[in-house]
Amino acid sequence: MQEKIRAIVEKAVWAPSGDNSQPWEFSFVDESTLQVHLIPHKDNKILNYKLSGTYVAHGALIENIVLLAGKEGLTASVMLLPVSDDPLITAQITFKESASSSNLPDPLAEAIPARHTNRKQYEPKQLSEEARASITKAAAAASDEITFHVLEDKKRIKKAAYAESLIQKIALETPTLHSIFFSNILWKEKDNTGEKQGLSLKSMELPPPVEKLFPLLSHWPVTKAFNKIGFSAMASKTNGDLFASSPAIGLVCVRKEEPVQYLEAGRVFERVWLAATAQGVSFQPISGLLFVARRLAAGETDALDSKHFDEISLAANDIAQAFSLTNGEIPLMMCRMGYSAAATSRSKRAAPVFRTSHA
Ligand SMILES: Cc1cc2nc3c(=O)[nH]c(=O)nc-3n(C[C@H](O)[C@H](O)[C@H](O)COP(=O)(O)O)c2cc1C
């Protein structure tokens, strides 16, 4: 059984994670029980309020494990946060040979190897009826606590898109965020092996003149000088235009700032992403502004500049209005969806680490 579970985990780690940080390790409790461990130092401290992005990545990973187990004729019973005083053990998963096996392949499980982030321009073409239906169905498994919304109305898309794109301006105007952003770039495609955290430059799909400028912009004084002639505002506007041209924007919300809800939300986010992939729909998470806004609302202002506080709050309000969120819905993960050319580059993965003792 352990060999089968290891093979499942090797495929499941193709789950998404912020900056491809792959913040996970694994251990076996016994022959058929796996524990999943969260590695907190992989967290991006500013963009990842309360480790929520890291828990979302774990939710996606856990969803992949369950789907892949089904594909292998196993059932996987998941206990989230099984150790009450250790929130870094995100799941304990027990596998059993399944008594009833369905011969029908699950399209979500089949889509796991193909799922990836596509940051290209999307075509101005509505989602097909079939894509819309399967994305909605994939999210329907969400509990009352986790909600999923999709915008297809142009005006609302625009409002959410330009609000989210403010993060680009803030990242370029704030030294700590600027430094985090540029230190997470894998400049050469040969470094995109999965061993190093970060995004390959090619996967960012930058227009050629901007890609050429990027090494220069990694120096804070250069960016600062460029900002004086409107660079940060222009970069943010360009991203806003890109997001606004997408035919659909989705949003997963939680009701409480709690690890268990982040994990459940991550599972829903992954199901939606896999359903989109199975339908040939390109997908990009666009959530940076939401993370910063939640941090600011909680009074955690470290590394942020007070000149941005009002802009961040207004942008978060715009997103809540665009989606007509009800009281108590906390926007966690936003994404854009649409049809596009293939991504230029995909992030690779390191082999999963299995601890020798499960402690
Ligand atoms: C919590 C979370 C937040 C993310 N935020 C963004 C984002 O704001 N912009 C973006 O382009 N990609 C974002 N991503 C996508 C990751 O960068 C991507 O999943 C990772 O680099 C692995 O690449 P892949 O999805 O192509 O396999 C996010 C992923 C997660 C799980």
Side-chain angles (χ1 to χ4, degrees), residues 11-24 38 42-44 46-64 90 111-122 160-161 163-168 170-171 177 180-181 184-186 191-206 236 239-240 242-243 246 249-252 254 259 261-263 265-274 276-277 282-294 319 331-337 340 342-350:
K11 294 181 186 147
V13 294
W14 284 86
S17 56
D19 287 325
N20 200 26
S21 54
Q22 307 163 65
W24 41 62
L38 183 148
K42 304 246 177 171
D43 190 23
N44 173 337
I46 314 299
L47 282 182
N48 193 351
Y49 178 55
K50 283 192 166 183
L51 285 171
S52 54
T54 309
Y55 278 108
V56 164
H58 271 248
L61 168 75
I62 292 161
E63 189 60 26
N64 277 1
T90 53
I112 290 171
R115 185 219 53 81
H116 63 282
T117 306
N118 189 323
R119 302 183 177 90
K120 278 214 150 91
Q121 176 90 38
Y122 298 169
E164 167 61 30
S165 73
L166 174 69
I167 192 64
Q168 191 70 48
I170 289 169
L177 286 178
I180 291 173
F181 177 72
N184 275 327
I185 296 178
L186 303 173
D191 293 326
N192 179 17
T193 59
E195 297 298 329
K196 280 192 202 158
Q197 173 164 346
L199 299 183
S200 85
L201 183 63
K202 289 280 170 211
S203 78
M204 295 179 165
E205 312 284 1
L206 301 168
S236 155
N239 257 0
L242 177 78
F243 300 163
S246 314
I249 294 197
L251 176 70
V252 174
V254 292
Q261 295 214 354
Y262 304 146
L263 288 168
R267 294 187 71 171
V268 172
F269 196 67
E270 179 70 350
R271 291 180 67 79
V272 167
W273 199 336
L274 292 172
T277 304
S282 299
F283 192 106
Q284 181 191 4
I286 45 170
S287 296
L289 190 281
L290 293 174
F291 283 95
V292 168
R294 283 161 53 232
I319 293 174
L332 184 68
M333 287 299 294
M334 197 154 83
C335 58
R336 66 185 184 106
M337 297 180 273
S340 71
T344 307
S345 163
R346 287 181 56 182
S347 295
K348 305 287 190 306
R349 297 296 185 275

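Given the structure is predicted, the values throughout are model-derived calculations rather than measurements. As the structure lists them, so they are numbered: ligands from 1, and atoms in each ligand from 1. Computation of the quantities below employed the complete heavy-atom set of this structure, encompassing side-chain atoms and omitting hydrogens, waters and symmetry-equivalent molecules.
In terms of protein heavy-atom proximity, atom 26 (O) of ligand 1 is nearest to Thr117 N, 2.9 Å. For atom 5 (N) of ligand 1, the closest non-hydrogen atom of the protein is Pro285 CB, 3.9 Å.
The proximity of Leu199 to ligand 1, defined as any non-hydrogen pair under 4.0 Å, is limited to the side chain. Residue contacts with ligand 1 for Ser17 involve N, CA, C or O but no side-chain atom from C-beta outward (heavy atoms, distance under 4.0 Å). At a 4.0 Å heavy-atom cut-off, ligand 1 touches Met333 through the side chain alone. For Pro16, heavy-atom contacts with ligand 1 shorter than 4.0 Å involve the backbone as well as the side chain.
Residue contacts with ligand 1 include Arg119, since one or more of its heavy atoms lies under 4.0 Å from the ligand. The shell of residues lying under 4.0 angstrom from ligand 1, judged by heavy atoms, excludes Tyr55.
Judged by a 6.0 Å distance limit and a 45° cone about the ring axis, Arg294 is positioned over the six-membered ring of Phe291.
Considering backbone and side-chain atoms alike, Gly18 places every N or O at 3.5 Å or more from each N or O of ligand 1. Residue Glu164 has no nitrogen or oxygen atom sitting less than 3.5 Å from a nitrogen or oxygen atom of ligand 1, judged on distance alone. Here's the thing with Gln284: one of its N/O atoms is less than 3.5 angstrom from an N/O atom of ligand 1. Some N or O of Arg349 is nearer than 3.5 Å to an N or O of ligand 1, by distance alone.
Of the listed residues (Asn239, Leu289, Ile249), just one forms a side-chain contact (heavy atoms from CB on, under 4.5 Å) with Glu164, and that residue is Leu289.
Around NZ of Lys202, the count of heavy atoms belonging to other residues, nucleotides or ligands within 6.0 Å does not exceed 12.
No donor-acceptor distance shorter than 3.5 angstrom exists from the side chain of Lys120 to the backbone of Glu205, with no hydrogens or angles considered. Between the side chain of Ser165 and the backbone N or O of Ser236 there is at least one donor-acceptor pair closer than 3.5 Å. Of the possible polar contacts, none joining the Arg119 side chain to the Gln284 backbone as a donor-acceptor pair under 3.5 Å is found.
Contact between Ser340 and Asn118 at its shortest, heavy atoms only, is OG-ND2, 3.2 Å.
Every atom of ligand 1 with a heavy atom of Arg115 under 4.0 Å away is listed here by number and element: 24 (P), 25 (O), 27 (O). Atom numbering of ligand 1 starts at 1 in the shown order; those under 4.0 Å from a heavy atom of Asp19 are 17 (O). When each atom of ligand 1 is checked for a heavy atom of Trp273 under 4.0 Å away, the hits are 25 (O). Close approach to Ser287 involves these atoms of ligand 1, each under 4.0 Å from a residue heavy atom: 8 (O).
Proximity of the aromatic rings of Tyr49 and Tyr262 is defined here by a centroid distance below 6.0 angstrom, and this criterion is not met.
The structure places OG1 of Thr344 at 10.5 Å from CG of Leu201, a figure rounded to the nearest 0.5 Å. Between Thr54 atom OG1 and Leu263 atom CG the span is 10.5 Å, to the nearest 0.5 Å.
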